[in-house]
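Accompanying notes for the structure given below.
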Amino acid sequence: MSRAAPLLVPPGVLPARVIDALAADGQPVVRTGELAPAPLPANERLRAVDAVAEALDGQGLSPVLLLSPGCMPLAQDLAFWASRDASHPARMVMRAPDGAAELERPGAVRGPLEREPWSEPAALREPEPVTIETERLLLTVGTPGQIEGYYHAIVGTSMFDNLLWDGPSSVSDLLSWRWRSLRNFAKGAACDANFGIIEKASGRQIGGCSWRPKPTDPALGDIGYALAPAFHRRGYGCEAIGALVDWALSERRAVRVEATVFVGNAASRGLLEKLGFGFEGVARARVSKRGRRIDEWCFSLLPGERRRG
Ligand SMILES: CC(C)(COP(=O)(O)OP(=O)(O)OC[C@H]1O[C@@H](n2cnc3c(N)ncnc32)[C@H](O)[C@@H]1OP(=O)(O)O)[C@@H](O)C(=O)NCCC(=O)NCCS
């Protein structure tokens, strides 16, 4: 039996008796002041919806958006922010402008909410991710198809031996990651920027990389990166991470870019040194991987230190 989705109810939109009836019917009801029935000023409200969606995360439920006609222009944005991933799209319910119990559906039957609730999956309008272009690569958020291909290129490979991440357990892990990445780009510069690395010639996703600003000071941050093993040693690492660092320095106004590397990961160290990163020392027992404490090499790069060619 499929579980009912929580209904996000802004105060004053639905009469208490309707909410009670829904709750009595097994419909989880989340009472929230975050979704106003009036036209919504975009960012703050969307972020509030995001916060509600985050709070519901992990419950395997998809939110229901209750919309007044005034909210309709924002329905697609709201649906994006309320949905946690593509497999849990938000549904929307629209109410009439003047009577909380009346539903309005353009060109369709009207009826009291108790008798004939109208709802349907909300069409999603995904925000545009940032895209960085190099000679052979695009750094962007891959399409679901590209991400599925990437899953098959990396699962079960040695790519994770030198990463904290042990890899995705399914394609949907990566699709959730894609969703979070799109949200983060929409939220702005204080959030992690996660890019898929796309080979232009084939259209395949061959890797991923991130700029992760520190919450306390977004001008400082660290980078992470990995390429599917089949694409190593073709200069793609240098090309992609060089472009990521340039972007962080110029677009995110980074004043210090850090990178930490498991001691012994010569490929990663070589890449960083080729880009101009300076070695700062060893942080002992800094991380744990597969039950073992590991030392890390620490690197950093300041504006003006970037090496090319
Ligand atoms: C690290 C990684 C991204 C390098 O990508 P890549 O595309 O193979 O690197 P490039 O071809 O651009 O090489 C750049 C430089 O890195 C160094 N390098 C790359 N692979 C190397 C290897 N196997 N051994 C030693 N140095 C190596 C070299 O200095 C190279 O410069 P060169 O070609 O002039 O000799 C890739 O090995 C990888 O994804 N590894 C698995 C995940 C990982 O370790 N991520 C980093 C975690 S900190």
Side-chain angles (χ1 to χ4, degrees), residues 132-140 142 146-147 149-169 173-174 177 181 192-214 220-248 254 256-290 292-301 305-309:
I132 303 170
E133 183 165 7
T134 68
E135 190 188 334
R136 296 177 296 166
L137 304 170
L138 289 177
L139 275 56
T140 188
Q146 286 169 325
I147 283 173
Y150 183 53
Y151 173 81
H152 295 295
I154 61 174
V155 72
T157 70
S158 60
M159 188 177 95
F160 308 99
D161 293 353
N162 284 305
L163 300 178
L164 277 177
W165 183 39
D166 284 327
S169 54
D173 267 9
L174 289 184
W177 176 253
S181 305
D192 291 1
N194 304 316
F195 297 91
I197 302 172
I198 313 292
E199 185 184 45
K200 286 202 267 189
S202 65
R204 294 179 64 184
Q205 178 163 345
I206 62 167
C209 58
S210 302
W211 158 249
R212 299 178 291 234
K214 291 198 193 310
L220 310 180
D222 78 330
I223 54 170
Y225 44 86
L227 292 177
F231 297 92
H232 289 183
R233 301 252 54 174
R234 301 189 200 179
Y236 281 151
C238 238
E239 190 170 326
I241 309 316
L244 174 73
V245 169
D246 290 342
W247 175 82
R256 175 181 158 90
V257 181
E258 298 175 358
T260 53
V261 176
F262 290 3
V263 164
N265 185 355
S268 188
R269 179 174 185 151
L271 176 137
L272 290 171
E273 289 179 337
K274 197 169 173 182
L275 293 176
F277 277 74
F279 178 63
E280 294 188 324
V282 175
R284 292 175 301 157
R286 186 164 182 269
V287 291
S288 167
K289 173 77 178 180
R290 296 173 186 156
R292 225 163 46 87
R293 296 299 317 172
I294 296 194
D295 297 345
E296 283 197 310
W297 287 323
C298 301
F299 291 87
S300 72
L301 179 140
E305 293 179 348
R306 173 83 163 85
R307 200 175 300 145
R308 283 158 216 282

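Both counts, for ligands and for their atoms, begin at 1 and track the order of listing. Remember, it's a predicted structure, so these values are computed and weren't measured experimentally.
- The aromatic ring centres of W247 and F195 sit less than 6.0 Å apart.
- The presence of a protein heavy atom under 4.0 Å from atom 13 (O) of ligand 1 is ruled out.
- Using a 4.0 Å cut-off between heavy atoms, Y225 contacts ligand 1 through both its backbone and its side chain.
- Ligand-side atoms of ligand 1 in range of L271: 4 (C), 15 (C), 16 (O), 17 (C), range being under 4.0 angstrom from any heavy atom.
- Proximity to A266 (heavy-atom distance under 4.0 Å) selects the following atoms of ligand 1: 26 (N).
- Regarding atom 48 (S) of ligand 1, its nearest protein heavy-atom neighbour is S268 OG, 3.3 Å.
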Show me, pair by pair, the donor-acceptor contacts under 3.5 angstrom made by side chains of residues 202-211, not counting sequence neighbours?
{"unit_1": "S202", "atom_1": "OG", "unit_2": "E199", "atom_2": "OE1", "d": "2.5"}
{"unit_1": "S202", "atom_1": "OG", "unit_2": "R204", "atom_2": "N", "d": "3.1"}
{"unit_1": "Q205", "atom_1": "NE2", "unit_2": "G207", "atom_2": "O", "d": "3.1"}
{"unit_1": "S210", "atom_1": "OG", "unit_2": "N194", "atom_2": "OD1", "d": "2.8"}

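- Of all protein heavy atoms, the one lying nearest to atom 47 (C) of ligand 1 is L163 CD2, 3.6 Å.
- Under the salt bridge (charged side-chain N to carboxylate O under 4.0 Å, His left out) criterion, D173 pairs with no residue, sequence neighbours left out.
- Atom CZ of R292 is surrounded by 12 or fewer heavy atoms from other residues, nucleotides or ligands within 6.0 Å.
- Between E280 and R256, at least one side-chain nitrogen of the basic residue sits less than 4.0 Å from a carboxylate oxygen of the acidic one, meeting the salt-bridge criterion.
- Taking all atoms of both residues into account, the shortest heavy-atom contact from A243 to I132 is CB-CG2, 3.9 Å.
- Ring planes of W165 and F160: perpendicular class, angle over 60° (limits at 30 and 60°).
- Between F231 and ligand 1, not a single N/O pair is under 3.5 Å apart.
- Between I147 and G142 the shortest heavy-atom distance is CD1-O, 3.7 Å.
- The nearest pair of heavy atoms linking V282 to V263 is CG1-CG2, 4.3 Å.
- Within 6.0 Å of CZ in R284 there are 12 or fewer heavy atoms belonging to other residues, nucleotides or ligands.
- In this structure, the protein non-hydrogen atom closest to atom 44 (O) of ligand 1 is N265 ND2, 2.9 Å.
- Ligand 1 has no nitrogen or oxygen under 3.5 angstrom from a nitrogen or oxygen of V261.
- Of the listed options R233, K274, H232, R233 places a heavy atom closest to atom 35 (O) of ligand 1.
- Nearest protein heavy-atom neighbour of atom 7 (O) of ligand 1: G237 N, 2.8 Å.
- Against a heavy-atom cut-off of under 4.0 Å, G235 is close to the following atoms of ligand 1: 10 (P), 11 (O), 12 (O).
- Not one N or O on the side chain of K289 forms a donor-acceptor pair closer than 3.5 Å with the backbone of D161.
- Residue contact check: N162 has heavy atoms under 4.0 Å from atoms 44 (O), 47 (C) of ligand 1.
- Between L164 and S288 the shortest heavy-atom distance is CD2-O, 3.8 Å.
- Near G270, meaning under 4.0 Å from any of its heavy atoms, are these atoms of ligand 1: 16 (O), 17 (C), 29 (O).
- Close approach of ligand 1 to Y236 is summarised as follows: ligand atoms under 4.0 Å from at least one heavy atom of the residue are 7 (O), 12 (O).
- At least one N/O-N/O distance between L227 and ligand 1 falls below 3.5 Å.
- Residue Y225 forms a side chain to side chain contact (heavy atoms under 4.5 Å, CB included) with just one option from I241, I197, L163, and that option is I241.
- Of all the heavy atoms of E239, none lies under 4.0 Å from any atom of ligand 1, so neither backbone nor side chain is involved.
- Residue contacts with ligand 1 include T260, since one or more of its heavy atoms lies under 4.0 Å from the ligand.
- Of the protein's heavy atoms, at least one falls inside 4.0 Å of atom 28 (C) of ligand 1.
- Heavy-atom proximity to M159, at under 4.0 Å, picks out these atoms of ligand 1: 41 (C), 42 (C).
- In this structure, atom 23 (N) of ligand 1 lies nearest to the protein heavy atom A267 CB, 3.9 Å.
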